[in-house]
**Student:** 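One structure, pasted below without further comment.
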Amino acid sequence: LLPSGCQGLGSLITDGDMDLVVIVPSSVHHSDFFKVFGSLMHQHEMIRSMVVILRFIRLKMPAIPMNFNVLDLSVLSSCDDLYVHSLEHLRITQLILSYIKPSHLDTFRHVFQYIQHWAYQRDVDVSSFGYLNKTALVLLLLCTYISHIKTKITIPLTIYCLLANFFDMWSRWPWPTPVVINTMAVNGQAQPVSYDDLKKRENAYMSIRLPGLLGGDIVPNVTKSTLYVLTTEFKQGNSNNSNNKCVSIFIFLFLFYILVASDILHAQCIDPCNLLNALFMSFIMTKTYKHFLGVVVSNTSVASHQKW
């Protein structure tokens, strides 16, 4: 039983779903497992108060070793196509962790929690609506982290630094240039293939490639209008527009640190909570747009209404 997603990264936030992956040998079947495991979960009161997403993987192996390595390419040959998606979800989690230095792990986890909260507050966290899900957000953060490690070796990696670099990098990114973590993908036969050989989506406005089996695009629903919203939010996070006359987040937090260090904070009666309000302020649609289109959906029966 292995954690994946935000749970596996250690960045689960309040009201977040707990992602778990169950890996079983060939002797355990899907129906057998859920008969036993379901009754065991019902015996624990705490589990009833949370949402648990349980992914099932059955491998062609007589037993699962204790030192099981999901990143080992030989595992793919033991996995049926039915379970490849679930296995890929776990592999991406482990691959992300493999890029992060142990000394930077806590910083990365905290920043990812902040970014999740920012996306939720700004209503840009639903991929089906053309925005970014948590996987896309963590891959963007991972690219930011890798870029910092390679280009800013002498600058200490702090929460404020990584958060500021995140918004700075993606507010300047030349979309639709694809975001690629590594230069090689792995196909279903566990053979490396170049990302250049993979089929690219035509007329894609944004492309974030999964670092996994097929290197698929994780943001297929981004449109021209949602890309504009996303880039606007990135720019606002990096540096609020000139009408607000705000400096970048990094400089803002640095100035706040100077204020605290010089004991000016109490004399000026500055509320530190207000410093991040611009970043985490909830998106209010009625204040952003002036015109709306009302859509009325009618149904001829209760059954059709329930389907909607």
**Student:** Would you say the side-chain atoms of Ser86 pair up with the backbone N or O of Tyr83, donor to acceptor, closer than 3.5 Å?
**Tutor:**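 Not a single qualifying donor-acceptor pair exists.
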
**Student:** Any side-chain to backbone donor/acceptor pair from Asn221 onto Ser127? Under 3.5 Å, distance only.
**Tutor:**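 Yes, because the side chain of Asn221 sits within donor-acceptor range (under 3.5 Å) of the backbone of Ser127.
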
**Student:** Could you grab the distance from atom CZ of Arg122 to atom CG of Leu132, nearest 0.5 Å is fine?
**Tutor:**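 It is 14.0 Å, given to the nearest 0.5 Å.
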
**Student:** If you compare all heavy atoms of Cys79 against all heavy atoms of Ile57, which two are closest, and at what distance to 0.1 Å?
**Tutor:**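 What the structure gives for the nearest pair is SG-CG2, 4.4 Å.
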
**Student:** Is it the case that the side chains of Gln113 and Ser11 hold a donor-acceptor pair, with the cut-off being a distance below 3.5 Å and no angle test?
**Tutor:**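 No, no side-chain donor-acceptor contact under 3.5 Å.
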
**Student:** Distance from Ile92 atom CD1 to Leu97 atom CG, nearest 0.5 Å?
**Tutor:**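 One finds 12.0 Å between CD1 of Ile92 and CG of Leu97.
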
**Student:** Look at the side chain of His148 and the backbone N and O of Ile155, then say whether any donor-acceptor pair between them is shorter than 3.5 Å.
**Tutor:**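 Confirmed, His148 side chain pairs with Ile155 backbone.
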
**Student:** Can you get from Phe112 to Ile53 by hopping between Ile, Leu, Val, Met, Phe, Trp and Tyr side chains that sit under 4.5 Å apart?
**Tutor:**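 Phe112 does not cluster with Ile53.
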
**Student:** Gln7 versus Asp17: any side-chain heavy-atom pair under 4.5 Å?
**Tutor:**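 They are not in contact (no side-chain heavy atoms under 4.5 Å apart), so the answer is no.
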
**Student:** Please check if atom OH in Tyr120 has more than 12 non-hydrogen atoms from other residues, nucleotides or ligands closer than 6.0 Å.
**Tutor:**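 Atom OH in Tyr120 is not packed in, count stays at 12 or less.
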
**Student:** Which heavy atom of Ser207 sits nearest to which heavy atom of Pro176, and what is that distance?
**Tutor:**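 Smallest heavy-atom distance, with atoms named: CB-O, 4.4 Å.
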
**Student:** Heavy-atom distance under 4.5 Å between the side chains of Asp19 and Pro3, does that happen here?
**Tutor:**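 A side-chain contact under 4.5 Å is absent here.
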
**Student:** Answer yes or no: is there a side-chain heavy-atom contact under 4.5 Å between Val126 and Asn133?
**Tutor:**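 They are not in side-chain contact.
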
**Student:** Any sub-3.5 Å donor-acceptor pair from Ser171's side-chain atoms to Phe167's backbone N or O?
**Tutor:**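 Here the side-chain-to-backbone pair exists.
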
**Student:** Is any side-chain heavy atom of Tyr114 closer than 4.5 Å to a side-chain heavy atom of Ile159?
**Tutor:**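 Of all side-chain heavy-atom pairs linking Ile159 with Tyr114, at least one is under 4.5 Å.
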
**Student:** Just how far is it from atom OG1 of Thr135 to atom CD1 of Ile218, taken to the nearest 0.5 Å?
**Tutor:**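 Result: 4.0 Å between the selected atoms.
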
**Student:** Decide side chain to side chain contact (heavy atoms under 4.5 Å, CB included) for Thr107 and Tyr145; before the verdict, give the C-alpha distance in whole Å, the side-chain angles of both, and the deciding distance to 0.1 Å.
**Tutor:** CA-CA 10 Å; Thr107 299; Tyr145 170 79; over 6 Å; no

**Student:** When you group the ILVMFWY residues by side-chain heavy-atom contacts below 4.5 Å and let the links chain together, are Leu12 and Leu20 in the same group?
**Tutor:**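 No.
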
**Student:** Would you check if the side chain of Asn299 reaches a backbone N or O of Ser301 as a donor-acceptor pair within less than 3.5 Å?
**Tutor:**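 Side chain of Asn299 to backbone of Ser301: no pair is present.
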
**Student:** Please lay out, stage by stage, how Gln121 and Phe283 fare under the test side chain to side chain contact (heavy atoms under 4.5 Å, CB included).
**Tutor:** CA-CA 6 Å; Gln121 291 291 97; Phe283 176 78; over 6 Å; no

**Student:** Is there a side-chain contact between Met169 and Asn238 in this structure, where contact means two heavy atoms from C-beta onward sitting under 4.5 Å apart?
**Tutor:**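 A side-chain contact under 4.5 Å is absent here.
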
**Student:** Is Thr226 reaching over with its side chain to a backbone N or O of Gly130, donor-acceptor style, under 3.5 angstrom?
**Tutor:**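 Checking the backbone N and O of Gly130 against the side chain of Thr226, a donor-acceptor pair under 3.5 Å is found.
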
**Student:** Begin with the C-alpha distance, continue with both residues' side-chain angles, and end with the deciding distance and a verdict on side chain to side chain contact (heavy atoms under 4.5 Å, CB included) for Val28 and Arg58.
**Tutor:** CA-CA 7 Å; Val28 181; Arg58 182 168 174 254; 5.8 Å; no

**Student:** Assess whether side chain to side chain contact (heavy atoms under 4.5 Å, CB included) is satisfied between Leu59 and Val24, documenting all intermediate values.
**Tutor:** CA-CA 6 Å; Leu59 299 181; Val24 301; over 6 Å; no

**Student:** Is it true that atom OH of Tyr228 has more than 12 heavy atoms of other residues, nucleotides or ligands lying nearer than 6.0 Å?
**Tutor:**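 Result for OH/Tyr228: open.
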
**Student:** Can you find a pair of side-chain heavy atoms, one from Phe166 and one from Val111, that are under 4.5 Å apart?
**Tutor:**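 When only atoms from C-beta onward are counted, Val111 and Phe166 do not touch, as no gap falls below 4.5 Å.
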
**Student:** Under 4.5 Å between any side-chain heavy atoms of Val179 and Trp175, yes or no?
**Tutor:**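 Val179 reaches Trp175 side chain to side chain.
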
**Student:** Cut-off 3.5 Å, side chains only: do Thr144 and Trp170 have a donor facing an acceptor?
**Tutor:**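 Present: a donor and an acceptor within the cut-off.
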
**Student:** Could you measure the distance from the CG atom of Leu230 to the OG1 atom of Thr223? Nearest 0.5 Å is fine.
**Tutor:**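 Going from CG on Leu230 over to OG1 on Thr223, the span is 9.0 Å.
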
**Student:** Is any side-chain heavy atom of His85 less than 4.5 Å from a side-chain heavy atom of Arg55?
**Tutor:**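 They are in contact (side-chain heavy atoms under 4.5 Å apart), so the answer is yes.
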
**Student:** I need the minimum non-hydrogen distance between Leu90 and Ser4, along with the two atoms involved.
**Tutor:**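 Minimum heavy-atom separation between Leu90 and Ser4: CD1-CB, 3.9 Å.
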
**Student:** Out of curiosity, Glu88 CD to Thr93 OG1, how far, rounded to the nearest 0.5 Å?
**Tutor:**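 Going from CD on Glu88 over to OG1 on Thr93, the span is 10.0 Å.
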
**Student:** Measure from the ring center of Trp173 to the ring center of Phe234 and say whether it is less than 6.0 Å.
**Tutor:**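 No - the distance between ring centres of Trp173 and Phe234 does not fall below the 6.0 Å cut-off.
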
**Student:** Are Ile149 and Leu140 connected, step by step, through hydrophobic side chains (Ile, Leu, Val, Met, Phe, Trp, Tyr) whose heavy atoms are closer than 4.5 Å?
**Tutor:**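 Yes; tracing contacts between hydrophobic side chains, which count when under 4.5 Å, links both residues.
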
**Student:** Work out which heavy atom in Pro62 is nearest to a heavy atom in Pro25; give both atom names and the distance.
**Tutor:**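 Smallest interatomic distance, heavy atoms only, reads O-CB, 3.5 Å.
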
**Student:** Hey, any chance Leu2 and Leu71 share a hydrophobic cluster, counting ILVMFWY side chains that come within less than 4.5 Å of each other, even indirectly?
**Tutor:**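 In one cluster with Leu2: Leu71, yes.
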
**Student:** Tell me the closest heavy-atom pair linking Ile64 and Met61, and the distance in Å.
**Tutor:**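 In terms of heavy atoms, the two residues are closest at CD1-SD, 4.4 Å.
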
**Student:** Could you tell me whether a side-chain N or O of Arg91 sits under 3.5 Å from a main-chain N or O of Val70, the two making a donor and an acceptor?
**Tutor:**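 Indeed, once roles are kept as given, a pair shorter than 3.5 Å links the two residues.
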
**Student:** Are Leu105 and Leu141 co-members of a hydrophobic cluster defined by side-chain heavy atoms under 4.5 Å apart?
**Tutor:**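 Linked, Leu141 and Leu105 end up in one cluster.
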
**Student:** Which heavy atom in Leu142 sits nearest to a heavy atom in Ile100, and how many Å separate them?
**Tutor:**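 Smallest heavy-atom distance, with atoms named: CD1-CG1, 4.3 Å.
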
